[in-house]
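Computed from a prediction, not measured in an experiment: that's the story for all the values here.
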Amino acid sequence: MASSDKKPLPTPASTGGDGGPPGKPTTMSTMMLDKGAAALQSLRPVKQINQHVCTFALYAHDPHRQVETHHYVSRLTQDVLQCPVYDSDDKNARLIGVEYIVSRKIFEALPKEEQRLWHSHAHEIKAGLWASPRVPDLLEKTELDHMAGTFGKFWCTWQVDRGDRLPLGAPALMVSPQAERIATVLPDLVRKRDQKYGFSTEELKAARADVEAPADPRPGQADYWVRHHKGFALDVVPHEMKRHAPFP
C-alpha cells in the first residue's frame with residue numbers, strides 16, 4: 001500500500017471526474033433519514049465544536065506541498081483541544097484529517113520520541129496565518145496568547161492536493177509554517193485565503209506584535225524537522241497479528 005510519501009497508482013478513486021469523491025448524488029430517502037436523525041439524536045460531540053480556524057499546513061516529508069486547512073475546534077479541557085480538519089468551509093468540504101492540540105505543560109511531559117511528531121504554533125499565530133474568519137482580532141486576543149504556547153499533532157488522511165478523490169494510502173504527518181525559508185507558506189495560498197475572507201495576513205501580523213509568544217518556542221523535540229532537516233513518512237506493512245487463541 002502506498003506510503004504517505006508515494007502517489008498511489010492511478011485509479012478511478014485517484015483521478016478523473018470533477019475532482020470530487022466518486023458516487024451517485026444523495027437520494028431523497030437518504031436526505032430524509034439524515035434530517036430525521038439530526039432532529040432526534042443529540043450529536044453531542046459535534047455540538048461541542050465552537051470555533052472555526054483557517055490556517056495552512058505543510059507535509060512533514062515534503063514541506064513544498066502545502067494546503068489551506070480549516071480546523072473546527074472543540075475543547076476537552078483548557079489544555080487539550082481536538083479539531084476535525086477540512087479542506088474548506090463549504091457545505092461539501094472534505095474531512096482531510098485531525099489535529100490534537102496541547103498546552104506546553106502537557107507537551108513537555110511527553111516522551112522525546114513522541115515530541116518529534118508535534119509542531120509549535122508560535123510563528124503561525126504571530127505571523128497572522130492562524131485566523132478565525134469573521135472574528136475580530138481584539139475578541140480573540142486572550143485566546144491567541146494561549147495558542148501561541150501550544151503544540152499540535154496533525155495527521156492528514158486525505159491528500160486532496162494531489163487529486164485523490166478518496167482517502168488513499170497511509171496517513172501523512174503535517175507540520176506548521178515556520179520562519180525558515182523552506183517552511184514559508186506560498187504567497188499565492190495566502191493571497192487566495194485573504195481575498196476569500198476579506199482580511200490581510202500582513203495586517204493581522206502587525207496587530208499581533210504584542211501577542212505573548214514563549215521565549216523558547218521549540219522545547220524538547222518540537223519541530224523536529226526544522227532542527228534536523230528530516231521529516232517523517234508512514235508506510236503500511238504486513239504485521240503478525242496478536243492472537244490470544246489459535247485461529248480455527
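- Comment: D188 engages R191 in a salt bridge, judged by a side-chain N to carboxylate O separation of less than 4.0 angstrom.
- Of the possible donor and acceptor atoms, one in the side chain of Q115 sits under 3.5 Å from a partner among the backbone N and O of L110.
- Cluster partners of F199 are Y197, L204, counting Ile, Leu, Val, Met, Phe, Trp and Tyr whose side-chain heavy atoms approach within less than 4.5 Å, directly or via other members.
- Residues V73 and H52 fail the side-chain proximity criterion, which asks for heavy atoms closer than 4.5 Å.
- Using a 4.0 Å cut-off between a side-chain N of Lys or Arg and a carboxylate O of Asp or Glu, D161 and R65 qualify as a salt bridge.
- Between V185 and P177 there is a side-chain heavy-atom pair separated by less than 4.5 Å.
- The shortest distance between side-chain heavy atoms of F151 and R104 falls below 4.5 Å.
- The side-chain heavy atoms of Y59 and Q159, taken from C-beta on, include a pair separated by under 4.5 Å.
- Listed by first and then second residue, the salt bridge (Lys or Arg N to Asp or Glu O under 4.0 Å) pairs involving residues 38-53 amount to none (not counting sequence neighbours).
- The closest side-chain heavy-atom distance from Q48 to R75 is not below 4.5 Å.
- Using a 4.5 Å heavy-atom threshold, the side chains of V190 and L129 count as touching.
- Look at E113 and R116 and you find a salt bridge, because one of the NZ, NE, NH1 or NH2 atoms lies within 4.0 Å of a carboxylate O, short of that distance.
- Residue pairs meeting the salt bridge (Lys or Arg N to Asp or Glu O under 4.0 Å) criterion with at least one member in residues 192-209, sequence neighbours excluded: D89-K196, D137-R208, E140-R208.
- With hydrophobic clusters built from ILVMFWY side chains whose heavy atoms lie under 4.5 angstrom apart, W155 shares a cluster with Y224.
- Under a hydrophobic clustering in which Ile, Leu, Val, Met, Phe, Trp and Tyr are joined whenever their side-chain heavy atoms come within less than 4.5 Å, directly or via other members, L76 and Y100 fall into the same cluster.
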